[in-house]
Peer 1: 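First the structure, then my questions, so here it is.
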Amino acid sequence: QVQLVESGGGLVQAGGSLRLSCAASGRTFSTYFMAWFRQAPGKEREFVATISASAASTYYADSVKGRFTISRDNAKNTVYLQMNSLKPDDTAVYYCDKGRRPYITTLHVDYNYWGQGTQVTGSS
C-alpha cells in the first residue's frame with residue numbers, strides 16, 4: 001500500500017508560478033515511475049507529466065511542455081511539479097500518481113495509486 005499526499009496548490013495570476021509536491025510513503029519509491037494528472041470540473045482526468053524511477057526520463061503533455069517541469073528526490077520520497085507561465089486553462093485539481101509499468105505511459109489505467117489532489121487555480 002502506498003500513500004501519496006499532494007501539496008502546494010493555490011490561486012495564482014496568469015503568468016505566475018507554483019511548485020507542487022507529492023510525498024510518498026514506503027521504501028520502494030525509487031523503483032517506480034511517477035506522474036502528475038489533472039482534472040478540471042466537468043472534464044476527464046488528463047495526463048500532465050511523468051518521470052522515470054531514476055529521473056533519467058521525463059515526458060510531458062503538449063499543453064504544458066516548456067512551461068512545467070517534473071522532478072523527483074528519491075532520498076525524500078517526493079516528486080515535484082514546477083509550473084511556470086500558468087494560464088487559466090491550467091485550473092484543475094492536480095494529482096500525483098504511482099506508475100505500475102516500467103516504461104513511460106500517459107494512460108491513467110497504468111497508474112494504481114494517487115493522492116487526494118491539490119487545487120490549482122489560474123486567474124486571468
Side-chain angles (χ1 to χ4, degrees):
Q1 191 83 6
V2 174
Q3 290 185 326
L4 302 171
V5 180
E6 301 95 337
S7 61
L11 173 65
V12 62
Q13 288 189 332
S17 298
L18 278 176
R19 188 194 195 202
L20 306 183
S21 299
C22 172
S25 65
R27 293 183 289 179
T28 61
F29 177 78
S30 63
T31 66
Y32 46 81
F33 281 63
M34 292 292 296
W36 287 94
F37 284 77
R38 66 187 182 186
Q39 189 164 19
K43 295 187 177 181
E44 293 187 353
R45 194 164 295 198
E46 173 189 28
F47 168 80
V48 175
T50 186
I51 187 167
S52 63
S54 67
S57 299
T58 58
Y59 185 79
Y60 297 90
D62 287 343
S63 59
V64 307
K65 198 174 297 181
R67 299 189 298 122
F68 291 10
T69 302
I70 188 171
S71 62
R72 65 192 296 163
D73 185 337
N74 286 341
K76 296 182 178 179
N77 276 22
T78 302
V79 62
Y80 305 97
L81 185 68
Q82 177 67 44
M83 304 186 295
N84 299 329
S85 302
L86 278 162
K87 305 175 181 179
D89 285 351
D90 294 319
T91 296
V93 177
Y94 284 71
Y95 300 88
C96 71
D97 293 51
K98 171 190 169 294
R100 58 191 183 109
R101 306 296 187 198
Y103 49 80
I104 286 180
T105 171
T106 64
L107 302 177
H108 196 243
V109 294
D110 290 330
Y111 296 84
N112 58 354
Y113 287 98
W114 48 89
Q116 82 291 345
T118 185
Q119 176 71 48
V120 172
T121 303
S123 64
S124 56

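This one's a predicted model, so the numbers in the text were calculated from it and none came from an experiment.
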Peer 1: Just wondering, do Ile51 and Tyr60 contact through their side chains at under 4.5 Å, heavy atoms?
Peer 2: no
Peer 1: Is it the case that more than 12 heavy atoms not belonging to Glu44 sit under 6.0 Å from its CD atom?
Peer 2: no
Peer 1: Is it the case that over 12 heavy atoms from other parts of the model lie below 6.0 angstrom from the NZ atom of Lys43?
Peer 2: no
Peer 1: What residues form a side-chain contact (heavy atoms from CB on, under 4.5 Å) with Thr105, not counting sequence neighbours?
Peer 2: Arg101, Tyr103, Leu107, Asp110, Tyr111
Peer 1: Report the relative orientation of the aromatic rings in Tyr94 and Phe68; use parallel for angles under 30°, tilted for 30 to 60°, perpendicular for over 60°.
Peer 2: tilted
Peer 1: Can Met34 be reached from Phe37 by stepping across I, L, V, M, F, W or Y side chains whose heavy atoms are under 4.5 Å apart?
Peer 2: no
Peer 1: Taking the side chain as everything from C-beta on, heavy atoms only, tell me whether Trp114 gets closer than 4.5 Å to Arg45.
Peer 2: yes
Peer 1: Where is the tightest heavy-atom contact between Ser124 and Ala14, given as atom of each residue plus distance?
Peer 2: CA-CB, 4.4 Å
Peer 1: Assess Lys98 against Tyr113: is NZ or CZ under 6.0 Å from the centre of the six-membered ring, and within 45 degrees of the ring's axis?
Peer 2: no
Peer 1: Decide whether Trp36 and Tyr32 are clustered together by the hydrophobic rule: side chain heavy atoms of Ile, Leu, Val, Met, Phe, Trp, Tyr closer than 4.5 Å, transitively.
Peer 2: yes
Peer 1: If the condition is ring-ring contact (aromatic ring centres under 6.0 Å, His included), which residues does Tyr80 pass it with, not counting sequence neighbours?
Peer 2: none
Peer 1: I would like to know whether Thr106 and Thr50 meet side-chain contact (heavy atoms from CB on, under 4.5 Å); could you show each step before the answer?
Peer 2: CA-CA 8 Å; Thr106 64; Thr50 186; 5.8 Å; no
Peer 1: Residues two or more places apart in sequence or in another chain: which of them pass side chain to side chain donor-acceptor pair (under 3.5 Å) with Asp90?
Peer 2: Arg38, Arg67
Peer 1: Check side chain to side chain donor-acceptor pair (under 3.5 Å) between Thr121 and all other residues, then give those that pass, not counting sequence neighbours.
Peer 2: Gln119
Peer 1: So, does Gln116 use its side chain to make a donor-acceptor pair with the main chain of Val5 at under 3.5 Å?
Peer 2: no
Peer 1: Kindly give the heavy-atom pair with the smallest separation between Ala35 and Ile70, and that separation in Å.
Peer 2: CA-CD1, 4.4 Å
Peer 1: For a quick test of reading the model, state the closest non-hydrogen atom pair linking Arg72 to Ser52 and the distance between them.
Peer 2: NH1-O, 2.9 Å
Peer 1: Does Leu86 share a hydrophobic cluster with Val93, counting links as ILVMFWY side-chain heavy atoms below 4.5 Å and allowing steps through other members?
Peer 2: no
Peer 1: Does Glu6 use its side chain to pair, donor to acceptor, with the backbone of Cys96 at less than 3.5 Å?
Peer 2: yes
Peer 1: Okay, side chain of Arg100, backbone of Val109: is any donor-acceptor separation there less than 3.5 Å?
Peer 2: yes
Peer 1: Name all residues meeting the side-chain contact (heavy atoms from CB on, under 4.5 Å) criterion together with Asp89; count only those two or more places apart in sequence or in a different chain, and write none if there are none.
Peer 2: none
Peer 1: Do Tyr95 and Leu4 come within less than 4.5 Å of each other through their side chains, counting heavy atoms only?
Peer 2: no
Peer 1: Do you know the tightest heavy-atom contact between Leu81 and Ala49?
Peer 2: CD1-CB, 4.4 Å
Peer 1: About how many Å separate CD1 of Ile104 and OH of Tyr59, when rounded to the nearest 0.5 Å?
Peer 2: 8.5 Å
Peer 1: Please tabulate, for side-chain N and O atoms in residues 17-29, each donor-acceptor pair with protein atoms closer than 3.5 Å (sequence neighbours left out).
Peer 2:
unit_1 : atom_1 : unit_2 : atom_2 : d
Ser17  : OG     : Asn84  : OD1    : 2.9
Ser25  : OG     : Gln3   : N      : 2.8

Peer 1: Which heavy atom in Ser30 sits nearest to a heavy atom in Ala53, and how many Å separate them?
Peer 2: O-CB, 3.3 Å
